[in-house]
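The structure under discussion appears below in the form of structure tokens.
Keep in mind the model is a prediction, meaning the values are calculated, not measured. Below, read A as the first sequence line, B as the second, and so on, with proteins coming before strands; counting in each chain starts at 1.
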Number of protein chains: 2
Amino acid sequence: MTVTQESSTLHAIGPMCADGTPFPRPDGQDRYTISEVVAHTGLSAHTLRWYERIGLMPHIDRSHTGQRRYSNKDLSWLDLVSKLRLTGMPVADMVRYAELVNEGEHTYPERLELLVAHREDVRKRIAELQDTLAVLDYKIDVYAGAHRAPERH
Amino acid sequence: MTVTQESSTLHAIGPMCADGTPFPRPDGQDRYTISEVVAHTGLSAHTLRWYERIGLMPHIDRSHTGQRRYSNKDLSWLDLVSKLRLTGMPVADMVRYAELVNEGEHTYPERLELLVAHREDVRKRIAELQDTLAVLDYKIDVYAGAHRAPERH
DNA sequence: CGCTTGCTTGGAGTGCACTCCAACTCTCTA
DNA sequence: TAGAGAGTTGGAGTGCACTCCAAGCAAGCG
């Protein structure tokens with residue numbers, strides 16, 4: 001895996017990220033503290049440690065005194081995890097996916113299956129939301145121009 | 001409120017619903033048992049009673065022996081509630097909305113506000129989901145045609 | 001050196017949305 | 001009229017995803 005490939009799932013390459021901290025740092029110097037990861041991902045430090053405990057993270061490198069040092073690879077994994085979480089994938093499923101990644105290339109088919117199933121789920125949810133959006137638009141219209149309000153709720 | 005208006009948020013008027021039970025029944029004979037409501041809404045009886053306890057339902061009519069008898073109006077309210085729940089509106093917010101409905105017409109502005117805020121929320125969520133859908137599509141492509149797999153996860 | 005701020009751990013606590021339980025009563029069919 | 005199957009209640013329990021706590025170690029600064 002090369003540097004450019006690694007960065008592809010991160011933000012565009014540049015010397016600084018939005019809030020002024022250097023990000024991403026080039027591979028080799030990519031040893032972020034937990035608070036840097038908090039700043040970048042929006043996840044809490046509690047949550048990051050908890051993710052590790054439950055097996056959702058690969059082994060995180062440590063400083064000589066035992067503090068966590070996250071790599072670019074860890075951040076890109078967290079990017080994926082955050083996206084999946086945001087779309088409602090249960091933590092247990094993500095742990096399963098993490099296990100598959102850990103087991104190596106022969107688990108490609110099962111990973112694919114898991115992803116495809118989740119995509120179906122996401123598509124269904126989008127449809128549901130758009131459905132409700134129509135109901136909301138209708139109700140909002142009714143309330144906005146409340147001319148002889150035709151419904152009770 | 002007339003029959004046709006009441007039915008507008010229910011399914012199309014017809015003598016039977018999908019599973020053969022008469023639905024909706026004409027106003028006046030609309031006294032559904034809890035299990036009929038379960039069959040129609042997909043909510044559990046537990047949940048229906050719990051909704052009532054927390055103030056999410058208006059007062060439900062009772063038979064002479066104290067059993068619940070739901071009306072068409074109750075069903076249409078449940079339809080709305082289910083849609084809002086499905087789109088992630090917290091139960092507490094729905095309870096607030098129910099209170100406003102209960103308080104009368106002078107709460108129209110606040111109801112409108114609540115609905116508009118939720119609509120914004122739903123729109124944002126749709127955008128998020130579509131964003132992730134793109135990531136999923138990309139990953140699935142990678143796994144599906146796994147020619148020298150370019151990523152580790 | 002002392003001070004502040006940050007990081008560590010296992011285990012306990014929280015909030016939400018149900019979900020179930022026990023011990024009944026009621027309704028319906030044979 | 002007997003028995004099966006719904007319905008009733010308040011309160012306790014469950015599962016998920018965090019979230020916090022206490023007690024202690026570590027790093028940087030004047």
Side-chain angles (χ1 to χ4, degrees), chain A residues 19 21 31-57 59-71 74-75 77-78 80-98 118 121 125 128, chain B residues 19 21-22 29 31-57 59-71 74-75 77-78 80-98 118 121 125 128:
Chain A
D19 60 342
T21 45
R31 295 173 60 73
Y32 309 94
T33 66
I34 199 164
S35 59
E36 287 171 321
V37 178
V38 165
H40 180 65
T41 62
L43 296 166
S44 77
H46 292 305
T47 300
L48 287 169
R49 296 195 196 98
W50 179 68
Y51 276 3
E52 211 174 316
R53 263 194 280 182
I54 63 173
L56 186 47
M57 297 297 294
H59 181 75
I60 301 295
D61 203 19
R62 299 295 178 125
S63 73
H64 67 108
T65 56
Q67 299 195 341
R68 288 171 183 79
R69 292 296 177 258
Y70 291 82
S71 68
D74 298 328
L75 288 215
W77 170 248
L78 279 170
L80 175 62
V81 163
S82 297
K83 278 223 174 305
L84 294 179
R85 269 309 291 129
L86 215 55
T87 51
M89 182 183 275
V91 168
D93 288 9
M94 297 196 303
V95 169
R96 176 77 191 125
Y97 186 76
H118 185 57
D121 211 82
R125 206 112 38 72
E128 274 172 10
Chain B
D19 59 344
T21 44
Q29 285 115 283
R31 297 174 59 73
Y32 309 95
T33 66
I34 199 164
S35 59
E36 287 171 321
V37 179
V38 165
H40 180 65
T41 61
L43 297 165
S44 78
H46 292 306
T47 300
L48 288 169
R49 295 196 196 99
W50 179 68
Y51 276 3
E52 211 174 318
R53 262 194 282 182
I54 64 174
L56 186 47
M57 296 297 293
H59 181 74
I60 301 295
D61 203 19
R62 298 295 176 122
S63 73
H64 67 108
T65 57
Q67 299 197 342
R68 289 172 181 78
R69 293 294 178 260
Y70 291 82
S71 68
D74 297 328
L75 288 215
W77 171 248
L78 279 169
L80 175 62
V81 163
S82 297
K83 277 223 175 304
L84 295 179
R85 269 307 291 128
L86 215 56
T87 51
M89 183 184 275
V91 168
D93 288 9
M94 297 195 306
V95 169
R96 177 78 191 123
Y97 186 76
H118 185 58
D121 210 84
R125 206 114 37 72
E128 273 172 12

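With C/dC7, D/dC21, C/dT19 as the candidates, the nucleotide lying closest to the side chain of B/His46 is C/dT19.
Between B/Asp93 and B/Tyr97 there is no side-chain heavy-atom pair separated by less than 4.5 Å.
A sub-4.0 Å separation between OP1 or OP2 of C/dG6 and a side-chain N or O of A/Thr33 is absent. Put simply, B/Tyr51 has no side-chain N or O that comes within less than 4.0 Å of OP1 or OP2 on C/dA17. The phosphate of D/dA27 (OP1 or OP2) has a side-chain N or O of A/Thr65 nearer than 4.0 angstrom. Taking 4.0 angstrom as the limit, A/Arg49 places none of its side-chain polar atoms (N or O) nearer than this to OP1 or OP2 of D/dT19. A sub-4.0 Å separation between OP1 or OP2 of D/dA27 and a side-chain N or O of A/His64 is present. Distances shorter than 4.0 Å separate some side-chain N or O of B/Arg68 from OP1 or OP2 on D/dT8. Contact check, A/Ser63 against D/dA26: no side-chain N or O comes under 4.0 Å of OP1 or OP2. Taking only side-chain nitrogens and oxygens, A/Arg62 comes nearer than 4.0 Å to OP1 or OP2 of C/dT9. Remark: B/Ser35 is in phosphate contact with D/dG7, judged by side-chain N or O atoms under 4.0 Å from OP1 or OP2.
Taking atom CG of B/Leu56 as the reference point, atom C1' of C/dA17 lies 12 Å away to the nearest angstrom. One atom, CG of A/Leu48, and another, P of D/dA17, lie 16 Å apart when rounded to the nearest Å. If you measure from atom CZ of B/Arg53 to atom P of D/dG11, you get 9 Å, rounded to the nearest angstrom. Atom CD in A/Glu52 sits about 16 Å away from atom P in C/dG11, given to the nearest Å. Taking atom CE of residue B/Met57 and atom P of nucleotide C/dC18, one finds them 13 Å apart after rounding to whole Å. Summarising the geometry, the separation between CH2 on B/Trp50 and C1' on D/dA12 is reported as 15 Å, rounded to the nearest angstrom. Rounding to whole angstrom units, CD of residue A/Gln67 and P of C/dC7 are separated by 7 Å. Following rounding to the nearest Å, B/Ile54 (CD1) and C/dC18 (C1') show an atom-to-atom distance of 10 Å.
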Worksheet item: After noting the C-alpha distance and the side-chain angles of A/Ser71 and A/Asp61, does the key distance pass the side-chain contact (heavy atoms from CB on, under 4.5 Å) rule?
Response: CA-CA 8 Å; A/Ser71 68; A/Asp61 203 19; over 6 Å; no

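Judged by closest nucleotide on DNA chain C, A/Ile34 is the one of A/Ile34 and B/Pro90 placed further toward the 5' end.
The line from CZ of B/Arg31 to CD of B/Gln67 is 11.0 Å long, rounded to the nearest 0.5 Å. Atom NZ of B/Lys83 is separated from atom CE of B/Met94 by 13.5 Å, given to the nearest 0.5 angstrom. Remark: A/Arg49 CZ to A/Met57 CE distance equals 13.0 Å, nearest 0.5 Å.
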